[in-house]
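Okay, so here's the structure we're looking at.
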Amino acid sequence: MHYETFCRTMGISPSPALEARYQQAEAEGELVRLPPVDRLDAYFPTYHGQVAAAARQIAADPAALRYYNLLRLGYFSSAGPFLSPKEGDLVRNFAPALVLAAHWPEAQRRMEERGIGETDGARIRAKLGSFLADHEESFGYPAVSEMLFYWSVHYLRPDLYPIGSLEFEVTTMAPGETVFRHRVTGEAVWLLDPEETTTAYSGTTYRRGGKAADPVTLLKEEYVLWVAPGDDILSVHIPKGADVSAASCAQTYRQAAAFFNKHYPERHFKGWYCRSWLMDPALTEALPSGSRIASFQQFYSRYPYPSDGNEVFVFVHPTPFADYNELPENTSLERMLKQRYLNGAPIYRYAGLHEMEVD
């Protein structure tokens, strides 16, 4: 099939980069691989009938088959021509799910090489089906959104593991993010590209909301270097609806520490790291006393992180809205957030660290 015909049939905007990938994959015979049909009930227990129907439709349609394979080939590099979901469109809605199923056996092999067994692997596999359910909850029909499709790369590398009530990503500290800790209070301070003298560290940091602050000097007699760019960390992610009570999180951190000490012995993790709008101290001030979110925050030494104040809507209210008056008020959190944004008081991202105990 000619590239122009493919683009026209699928409603994809042509581009030189996409054409080059298409022509190379066509020459290598990679655009006619059939989508998987085995174990779909294990990957997508609730939706396997619809996913199987999509696989049959894709296999019978040359343009749809090429679309599926371009998604498959570009998955790990975020280079696919992703088509937004559309109610009733099996190809758009489930081709991404079939790509996840196609890549799962290799992810399973990598886990087995680390001694990670079926019980732990099944928790990751269950995430694949949850993407369809999440989309149905928000939009009324099952599909895999572009954001979750490319986020799922972390599960299938794999470097992101659901453990207990949270998820943990094996990663390193980002360039430019050097964090110091006060020797007495444990206060965390992020300095951008710090300079070091015999007695101090100096650089700039961020205010709440992500605006650069004035230069900061940290005396070595008061502060110690905690985590530098490239250091191993475990990035903590909070799934929707997670139990973030103190008891649940304490048990989860213990389970995670044992898991990563066992399966990643070559890594030297400096700490648990969390970057989220759920870390904003303003939430503690606005929510009722004893809030689980407050107890989750207090586990970490937090510091401001660049933020536009809109990250909250990706998780709390992912459906489009015209203005803040349309935000839901079904829970105390939703009511509080709506009032804050109507009053011009956004919730911002913060980052935080907690030292990880190593066996």
Could you list the donor-acceptor pairs under 3.5 angstrom formed between side-chain atoms of residues 10-24 and any protein atom two or more places apart in sequence or on another chain?
{"from": "Ser15", "atom 1": "OG", "to": "Leu18", "atom 2": "N", "distance (Å)": "3.1"}
{"from": "Arg21", "atom 1": "NE", "to": "Ala79", "atom 2": "O", "distance (Å)": "3.3"}
{"from": "Arg21", "atom 1": "NH2", "to": "Ala79", "atom 2": "O", "distance (Å)": "2.8"}
{"from": "Tyr22", "atom 1": "OH", "to": "Met1", "atom 2": "O", "distance (Å)": "2.7"}
{"from": "Tyr22", "atom 1": "OH", "to": "Arg66", "atom 2": "NE", "distance (Å)": "3.4"}
{"from": "Gln24", "atom 1": "NE2", "to": "Glu28", "atom 2": "OE2", "distance (Å)": "3.2"}

Identify all side-chain donor-acceptor contacts of residues 31-60 below 3.5 Å with residues at least two apart in sequence or on another chain.
{"from": "Arg33", "atom 1": "NE", "to": "Glu30", "atom 2": "OE1", "distance (Å)": "3.1"}
{"from": "Arg33", "atom 1": "NH2", "to": "Glu30", "atom 2": "OE2", "distance (Å)": "3.1"}
{"from": "Tyr47", "atom 1": "OH", "to": "Glu136", "atom 2": "OE1", "distance (Å)": "2.5"}

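Distance check, rounded to the nearest 0.5 Å: CG of Asp232 to CZ of Phe260 gives 11.5 Å. Between the CD atom in Gln255 and the CZ atom in Phe168 there is a gap of 8.5 Å [rounded to 0.5 Å]. To the nearest 0.5 Å, atoms CD (Glu221) and OG1 (Thr199) are separated by 8.5 Å. Atom CD1 of residue Ile347 and atom CG of residue Asn310 lie 11.5 Å apart, to the nearest 0.5 angstrom. Taking OG1 of Thr171 as the start and CG of Leu160 as the end, the distance is 10.5 Å to the nearest 0.5 Å. Leu234 CG to Cys274 SG: the interatomic distance, rounded to the nearest 0.5 Å, is 12.0 Å.
The distance between the ring centers of His103 and Tyr75 falls below 6.0 angstrom. A distance below 6.0 Å separates the ring centres of His263 and Phe259. Centroid-to-centroid, the aromatic rings of Tyr206 and Trp190 come within less than 6.0 Å. Ring centroids of Tyr273 and Tyr300 are separated by 6.0 Å or more, keeping the two rings apart. Residues Phe6 and Tyr67 keep their aromatic ring centres 6.0 Å or farther apart.
By the rule that hydrophobic residues join a cluster once side-chain heavy atoms approach within less than 4.5 Å of another member, Val170 and Leu353 end up as members of separate clusters. Linking ILVMFWY side-chain heavy atoms closer than 4.5 Å, directly or via other members, places Phe139 and Leu327 in two distinct hydrophobic clusters. Note on Ile233: it does not cluster hydrophobically with Val224, by side-chain heavy-atom contacts below 4.5 Å among ILVMFWY residues. Residues Val314 and Met279 share a hydrophobic cluster, clusters being chains of Ile/Leu/Val/Met/Phe/Trp/Tyr side chains in contact below 4.5 Å. The hydrophobic clustering, which links ILVMFWY residues whose side-chain heavy atoms are closer than 4.5 Å, places Tyr68 and Trp104 together.
The side chain to side chain donor-acceptor pair (under 3.5 Å) check on Ser307 picks up Glu311, with sequence neighbours excluded. Contacts of Tyr264 classified as side chain to side chain donor-acceptor pair (under 3.5 Å), with partners at least two apart in sequence or in another chain: Tyr161. In this view, Ser245 and Asp243 satisfy the side chain to side chain donor-acceptor pair (under 3.5 Å) rule, not counting sequence neighbours. Among residues two or more places apart in sequence or in another chain, the salt bridge (Lys or Arg N to Asp or Glu O under 4.0 Å) test is passed with Glu137 by Lys240. With sequence neighbours left out, the side chain to side chain donor-acceptor pair (under 3.5 Å) criterion links Glu329 to Lys338. Among residues two or more places apart in sequence or in another chain, the salt bridge (Lys or Arg N to Asp or Glu O under 4.0 Å) test is passed with Glu87 by none. Residues satisfying the salt bridge (Lys or Arg N to Asp or Glu O under 4.0 Å) test with Arg110, not counting sequence neighbours, are Glu106. For Asp231, the salt bridge (Lys or Arg N to Asp or Glu O under 4.0 Å) test picks out Lys270, with sequence neighbours left out.
Using modelled atom types, no side-chain atom of Ser248 and backbone atom of Val244 make a donor-acceptor pair closer than 3.5 Å. Proximity of a side-chain donor or acceptor of Thr252 to a complementary backbone N or O of Ser165 within less than 3.5 Å is detected. Distance alone, capped at 3.5 Å, places no donor-acceptor pair between the Asn343 side chain and the Ala345 backbone. Within the 3.5 Å criterion, the main-chain N or O of Ile293 finds no donor-acceptor partner in the side chain of Gln297. Checking side-chain atoms of His135 against main-chain N and O of Tyr141 turns up a donor-acceptor pair under 3.5 Å. Judged purely by atom type and a 3.5 angstrom limit, His182 uses its side chain to pair as donor or acceptor with the backbone of Val184. In this structure, the side chain of Ser145 engages the main chain of Leu148 through a donor-acceptor pair within 3.5 Å.
Minimum interatomic distance between Glu177 and Pro229 (heavy atoms only, all atoms of both residues): O-CD, 3.7 Å. Summarising the geometry of Trp277 relative to Leu283, their closest heavy-atom pair is O-CD1, 3.4 Å, with the distance given to 0.1 Å. Counting all heavy atoms, side chain and backbone alike, Thr204 lies closest to Pro215 at CG2-CA, 4.1 Å.
Counting only heavy atoms from C-beta outward, the side chains of Pro142 and Asn93 never approach each other to under 4.5 Å. A 4.5 Å side-chain heavy-atom check between Cys249 and Leu166 finds at least one atom pair inside the cut-off. Side-chain contact between Arg335 and Arg340 is absent, with no heavy atoms from C-beta onward closer than 4.5 Å. Residues Phe313 and Phe321 form a side-chain contact, since some pair of their non-hydrogen atoms from C-beta on lies under 4.5 Å apart.
Summarising the hydrophobic clusters (Ile, Leu, Val, Met, Phe, Trp, Tyr; side-chain heavy atoms under 4.5 Å, direct or chained), the residues clustered with Val189 are Phe180, Leu191, Tyr201, Val216, Leu218, Tyr223, Leu225. Residue Tyr348 belongs to no hydrophobic cluster, having no ILVMFWY side-chain heavy atom closer than 4.5 Å to its own.
Residues Glu187 and Ser301 bring no donor and acceptor atom of their side chains to less than 3.5 Å of each other. Between the side chains of Ser202 and Thr217, no donor N or O sits under 3.5 Å from an acceptor N or O. Looking at Asp159 and His154, their side chains do bring a donor and an acceptor atom within 3.5 Å of each other. For the residue pair Arg72 and Asn69, a side-chain donor N or O sits within less than 3.5 Å of a side-chain acceptor on the partner.
Checked for salt-bridge contact, Asp89 and Arg92 meet the test: a charged N lies under 4.0 Å from a carboxylate O. Comment: Arg157 does not engage Glu169 in a salt bridge, judged by the lack of any side-chain N to carboxylate O separation of less than 4.0 angstrom. Salt bridge annotation for Arg123-Glu167: absent, with no cationic side-chain nitrogen under 4.0 angstrom from a carboxylate oxygen. Ionic pairing of Asp280 and Arg208 is present here: one or more N-O contacts between side-chain nitrogen and carboxylate oxygen are shorter than 4.0 angstrom.
Under a cutoff of 6.0 Å and an axis angle of 45°, Arg181 and Trp226 form a cation-pi pair.
The environment of Glu195 atom CD is sparse: at most 12 non-hydrogen atoms of other residues, nucleotides or ligands sit within 6.0 angstrom.
Note on ring orientation: taking the six-membered ring where Trp is involved, the planes of Tyr253 and Phe299 are parallel (angle under 30°, cut-offs 30° and 60°).
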Practice task
Show the numbers, then the answer: is there a ring-ring contact (aromatic ring centres under 6.0 Å, His included) between Tyr350 and Tyr303?
Solution key: CA-CA 6 Å; Tyr350 269 63; Tyr303 51 92; 8.3 Å; no

